[in-house]
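Below: one structure, written as C-alpha cells.
A quick note: this is a predicted structure, and the numbers were derived from the prediction, not measured. To find a chain, count down the sequence lines: A is the first, B the second, and so on, and within it residues start at 1.
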Amino acid sequence: MNVTVLLFAQARDRAGRGRLDLDLEPGSRVSDALREIARAHPGLEPLWPHLAVAVNGELSAPDMPLAEGAELALLPPVSGG
Amino acid sequence: MNVTVLLFAQARDRAGRGRLDLDLEPGSRVSDALREIARAHPGLEPLWPHLAVAVNGELSAPDMPLAEGAELALLPPVSGG
Amino acid sequence: MAELVHVPIDSGQLARAAARPDCGAIAQFLGTTRDHHAGRRVASLTYEAYEPMALAALASIEAEAVTRFGVASCNIVHRLGEVPLAESSVAVTVASAHRVAAFDACRWAMDELKRSVPIWKRERFEDGDSEWVEGSKLGAGPDRP
Amino acid sequence: MAELVHVPIDSGQLARAAARPDCGAIAQFLGTTRDHHAGRRVASLTYEAYEPMALAALASIEAEAVTRFGVASCNIVHRLGEVPLAESSVAVTVASAHRVAAFDACRWAMDELKRSVPIWKRERFEDGDSEWVEGSKLGAGPDRP
C-alpha cells in the first residue's frame with residue numbers, strides 16, 4: 001500500500017527532505033507509518049512530541065487506518081501570522 | 001468689542017447663516033454673547049440645551065470673559081466617524 | 001499626524017506609512033458610509049467640521065492613544081464634504097509591536113473620535129429629506145441663555 | 001475567500017473589496033514582519049504552508065467569524081515565501097454593520113489563525129543563523145511512535 005508523506009518546516013529540515021514514499025502492509029494505520037518514518041529518519045526523534053499528523057488534509061489520530069494513496073503530513077507547531 | 005460667532009450643522013441651519021459678527025460691551029462674557037445670539041436668532045431656541053460653546057477653539061464655560069477679536073463657536077452634538 | 005481631507009481616503013497608503021520594522025501589528029479601522037439609518041434609505045452623506053478645533057482634538061486622541069496603550073503610532077484621517085455610499089469617512093491606523101495593544105488603541109481612538117471631535121454628519125435620504133445625525137454633546141454645554 | 005499569495009498584500013484593495021453599502025465598519029489587521037525577536041536582530045522572514053490544508057483552515061475561520069460575530073464578511077490573506085521586513089505577512093479584513101463586532105471578529109480570527117492553520121515562519125538572523133519560530137501544536141498530536 002503506497003502512502004505519501006509530506007514533511008514541513010523543522011520536520012523537513014530534520015529529515016533532509018520534504019516528501020517520502022512509503023510502501024506499507026495493507027491495513028496499516030497512522031501509527032505504523034510513523035514507526036516507519038521514525039526508523040528511516042532518526043533525526044526526527046526530538047520533534048515527535050511536538051508533531052501533529054494529518055491524513056488527506058485532516059488532523060488524525062494514530063489509530064486511524066490508512067488507504068492506498070493516502071497523503072500523510074507531519075506538521076510541526078504552527079507559527080503563521 | 002468685536003466677537004466672531006461660528007455656527008455649525010443644525011445651529012447654522014436654524015440661524016440661517018454660519019457666521020455672525022457681534023459688537024459687545026467691553027467686559028462681556030460668553031453668556032452675554034449667547035444672550036445676544038438667542039435674541040437675534042430665536043430659531044436656535046430648541047437647540048440651546050444641546051449646544052457646546054468653544055472660544056478660540058477651546059470648550060468654554062458661560063462665565064468666561066471674552067476678549068476683542070475672540071472666535072466663539074456654537075457646536076451641536078457631534079457625529080463624526 | 002491627524003488630517004481632514006476632501007478626497008477619498010487611501011487606506012493602503014496609510015497602512016504603508018504606519019509600517020515600521022520594529023512593529024509586528026497594524027490595526028486599522030475604516031468607518032464607511034451606510035445606505036440605511038433608523039429604517040430609512042440613505043442616498044448620500046456629508047460631513048462638516050470646525051476644522052482647527054477638530055484637528056487639535058484628533059491630534060490629542062492620537063497622542064493619548066500612544067501613551068495610554070504604548071503603541072508606536074496612531075494616525076487619524078477624517079474625510080469632509082460629500083462621501084459616496086460605501087466609501088470611507090474615517091480611517092484610524094495604529095502600529096504596535098504586538099496586536100492586542102494595536103486593537104485596543106484603535107478601538108479606543110474610534111470611540112473617542114465619536115465623543116469628542118467637532119465633526120457633524122448629515123444624511124440625505126432617498127425621499128429627498130435630509131437630517132443631521134443625532135450625536136453626542138461635547139464636554140459640558142452652556143446654560144440656556 | 002481565503003488566499004495564500006506569493007506577492008505583496010494590497011491591504012487597500014482588500015478593504016475596497018470588503019466595503020458594502022449596508023455596512024458601516026471595516027476592521028483590518030495586518031501582521032507585519034519585525035526586525036527583532038527574542039533579543040536578536042532579524043534580517044528576513046520566510047513563510048511556508050501545507051497549502052490545501054491551510055486554505056481550508058483559513059476558510060473555516062472566515063466562515064466561523066461570520067456566524068459567531070454576525071459580521072457581513074471576513075477575508076484572510078496570508079503571504080508565503082520571503083517577506084521583507086515591515087511588509088505584511090497576513091491581512092484579516094472584516095466588514096460589519098457596526099464597529100464592535102468588526103473589531104471582535106478581526107481579533108478572534110487572528111488568534112485562531114495563529115493557533116490552527118498549518119503555516120510556519122522561519123527567521124533568518126543578522127548573524128546568518130536561521131530558525132523556525134516556536135509555534136503552537138496543532139490539535140492533539142500523535143503518540144511517540
ask   = Between D:His37 and chain C, which part of the residue has a heavy atom less than 4.5 Å away: side chain, backbone, both or neither?
value = neither
ask   = Just wondering, more than 12 heavy atoms not from C:Glu134 lying within 6.0 Å of its CD?
value = no
query = In terms of heavy-atom pairs under 4.5 Å, which option from C:Arg16, C:Gln28, C:Gln13, C:Arg34 contacts chain D the most?
reply = C:Arg34
inquiry  = Using 30° and 60° as the class boundaries, would you call the ring planes of C:Phe103 and D:Phe103 parallel, tilted or perpendicular?
reply    = perpendicular
query = For D:Ala95, is it the side chain, the backbone, both or neither that has a heavy atom under 4.5 Å from a heavy atom of chain C?
reply = neither
remark   = Max heavy-atom pairs within cutoff under 4.5 Å with chain C, candidates D:Cys106, D:Gly12, D:Pro21, D:Ala18, goes to D:Pro21
Test item: C:Asp104 and D:Arg107 side chains (from C-beta on) under 4.5 Å apart, heavy atoms = yes
remark   = Honestly, the part of C:Val90 sitting under 4.5 Å from a heavy atom of chain D is neither
query = Based on non-hydrogen pairs under 4.5 Å, which of D:Pro84, D:Ala25, D:Ala27 is most in contact with chain C?
reply = D:Ala25
ask   = Non-hydrogen atoms of chain C under 4.5 Å away: do they reach the side chain of D:Arg99, the backbone, both or neither?
value = both
request  = Locate the shortest heavy-atom distance separating C:Asp22 from D:Asp35; write the atom from each residue and the value.
outcome  = CA-OD1, 3.6 Å
note = dist D:Leu30:CG -> C:Cys23:SG (nearest 0.5 Å) comes out at 12.0 Å
query = Between D:Val42 and chain C, which part of the residue has a heavy atom less than 4.5 Å away: side chain, backbone, both or neither?
reply = neither
inquiry  = Out of D:Ser89, D:Ala102, D:Ala86, return the one with the most heavy atom pairs under 4.5 angstrom to chain C.
reply    = D:Ala86
